[in-house]
Amino acid sequence: MFNKRIKIKELLQCEATGQKVIVMGWVRTFRNNQFIALNDGSTNHNIQIVVELGLLDDATLKRITTGAALKVVGKVIPSLGKGQKIEIKATTIEVLGDCDAEKYPLQPKKHSLEFLREIAHLRFRTNTFGAVFRVRHALAFAIHQFFNNKGFLYIHTPIITASDAEGAGETFRVTTLPLDGTAKRKDDGSIDFNEDFFGKSTNLTVSGQLEGELAATAFADIYTFGPTFRAENSNTARHLAEFWMIEPEMAFYDIEDNMNLAEEFIQYIIRYVIEHNREDIELLDARLAEEEKQKPQNERQEFGLLEKLQFVVENNFERITYTEAINILLNSPAYKKKKFKYDVQWGIDMQSEHERYLVEKHFKKPVIVRNYPAAIKAFYMRMNEGCEEGKETVAAMDILAPGIGEIVGGSQREERYDVLLNRMEKFNIPVEEMNWYLDTRRFGSVPHAGFGLGFERIVQFVTGMTNIRDVIPFARTPKNCEF
Ligand code: 4AD
Ligand code: MG
């Protein structure tokens, strides 16, 4: 058997009693031909390997370079060095994979995040990205744990669909038709999708919600957690063309229940990471503090990362209506001094500058905004009763987070068949193709609600990474699909 290694994370918790261990990993540094710092990705800490004089010949010593992969057999002894309790006195060292130090792009020095994005295939091996992706994993695990504990069913909704759930027309087409102009056309000149693989026009999903609603009308509480795709041409620090979304959908829930669940959910997964990934968060906290120092004083965040996360799990989110949000903006010094680029009035789709004002300047905490104008939200959201003409609102809710803006979008769903049909027609949704969706309202319709949490946005929030490209292993953004 080749692999009887102990992971460095586990090893570092052991007492040094001279016990024999095998460790494998990649060299971070090699000092004085004597001290190897070895890392295996299980923790941001390295184990120090001590190479006694005469153990290795010169040729082997030369092969121990930053990035080389090693198998080390040795004894665990107390360390005299600073910052570590134990170290390994090597008895044998085998170079599993050489690494040409001249050509290796990751030098033992600070690299910019922009540079590391270009070598995303290697950045996993850095301290920052080690921490980011361990936290990303922990969040994913905590998400499943949260819903499993509450008896929610994990539903796999399709990735290829024929519908545009959000109706925003930002889908990636899926086709096997030739692109050289020879695809068969109909009499009116349009492409004949009868000839396509599925016999109709299909695309990558933008959301699993509509299929999630079907499952919720049988299991009551379900969630999805999968990739979603949007061809929106937004080159920002918060948008990806391929991102992961968690979408719980609950029968017998109204908007209030929905907001309560979303808040409890976010606090639960953050608390999980604070408890289980303390060292990673501390490393990311220090990284962020360093980044903040580069900014002018008035642009720096008030809280450190850990402080911010602790604040979020200990305090309720602020809850306001859309109308209240607009009034806060209209009365703000920023508005009066014409600091906003985009206009503010009832009916607008709030821009990121408005959302950030509310959470970062006004409330200084996460905010749930509910009851948005019906005209700017999706067709499936439930119409609120008793609205003034022209000021119709829907039972929608968005959660806005400091530093990020929108992290959650959700709503109570329109369960009344006639009202829904009316809304679909107004939004030009092809009703004939959506009969399967309407069936939930025809047969045993119930009040229900749900929301979508952008996974990368919550990973950004928890890790303090400023750019969304730095919290997904291989980012897909306009004009960029490397690796
Ligand atoms: O607000 P959105 O568009 O809502 C939906 O898709 C609903 N079907 C969700 C539901 O009710 N089940 O997207 C939900 C969340 C946003 O709040 C945001 O966090 C994230 O998904 N998101 C993106 N994340 C990264 N890149 C993008 N291009 C994103 N678009 C949305
Ligand atoms: Mg939204």
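Numbering of ligands and ligand atoms starts at 1, following listing order.
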Donor-acceptor pair, side chain of R457 and main chain of E406, under 3.5 angstrom: yes
Below 3.5 Å, can you tabulate the donor-acceptor pairs from side chains in residues 237-251 to any protein atom, sequence neighbours excluded?
| residue | atom | partner | partner atom | Å |
| --- | --- | --- | --- | --- |
| R238 | NH1 | I404 | O | 2.8 |
| H239 | ND1 | T236 | OG1 | 2.7 |
| E247 | OE1 | S207 | OG | 3.3 |
| E247 | OE1 | G208 | N | 2.7 |
| E247 | OE2 | S207 | OG | 2.8 |
| E249 | OE1 | R413 | NE | 3.3 |
| E249 | OE1 | R413 | NH2 | 2.8 |
| E249 | OE2 | R413 | NE | 3.0 |

For a quick test of your reading: what N or O donor-acceptor pairs under 3.5 Å do the side chains of residues 285-292 make, sequence neighbours left out?
| residue | atom | partner | partner atom | Å |
| --- | --- | --- | --- | --- |
| D285 | OD2 | L306 | N | 3.1 |
| R287 | NH1 | E291 | OE1 | 2.8 |
| R287 | NH2 | E291 | OE1 | 3.2 |
| R287 | NH2 | G464 | O | 3.4 |
| E291 | OE2 | T466 | OG1 | 2.6 |
| E292 | OE1 | Q301 | N | 2.6 |
| E292 | OE2 | K295 | NZ | 2.7 |

Please determine if R423 forms a cation-pi arrangement with F379, meaning its NZ or CZ atom is less than 6.0 Å from the six-membered ring centre and no more than 45° off the ring axis. no
Within the 4.0 Å heavy-atom sphere of ligand 1, strictly under, residues: E166, S207, Q209, R230, E232, R238, H239, L240, F243, M245, E247, Y380, E406, I407, V408, G409, G410, R413, G450, F451, G452, G454, R457, I468
In terms of the angle between their ring planes, are H111 and F115 parallel, tilted or perpendicular, with boundaries placed at 30° and 60°? tilted
If you count every protein N, O or S atom closer than 2.8 Å to the Mg ion (ligand 2), you should arrive at 1
Aromatic ring proximity, centroids under 6.0 angstrom, Y154 and Y223: yes
Relative to the ring of Y357, is the ring of H362 parallel (under 30°), tilted (30 to 60°) or perpendicular (over 60°)? tilted
Could you label the plane-to-plane angle of the F147 and F265 rings as parallel, tilted or perpendicular, counting under 30° as parallel and over 60° as perpendicular? tilted
Please work out which of the three classes, parallel, tilted or perpendicular, describes the rings of F483 and F474, given edges at 30° and 60°. tilted
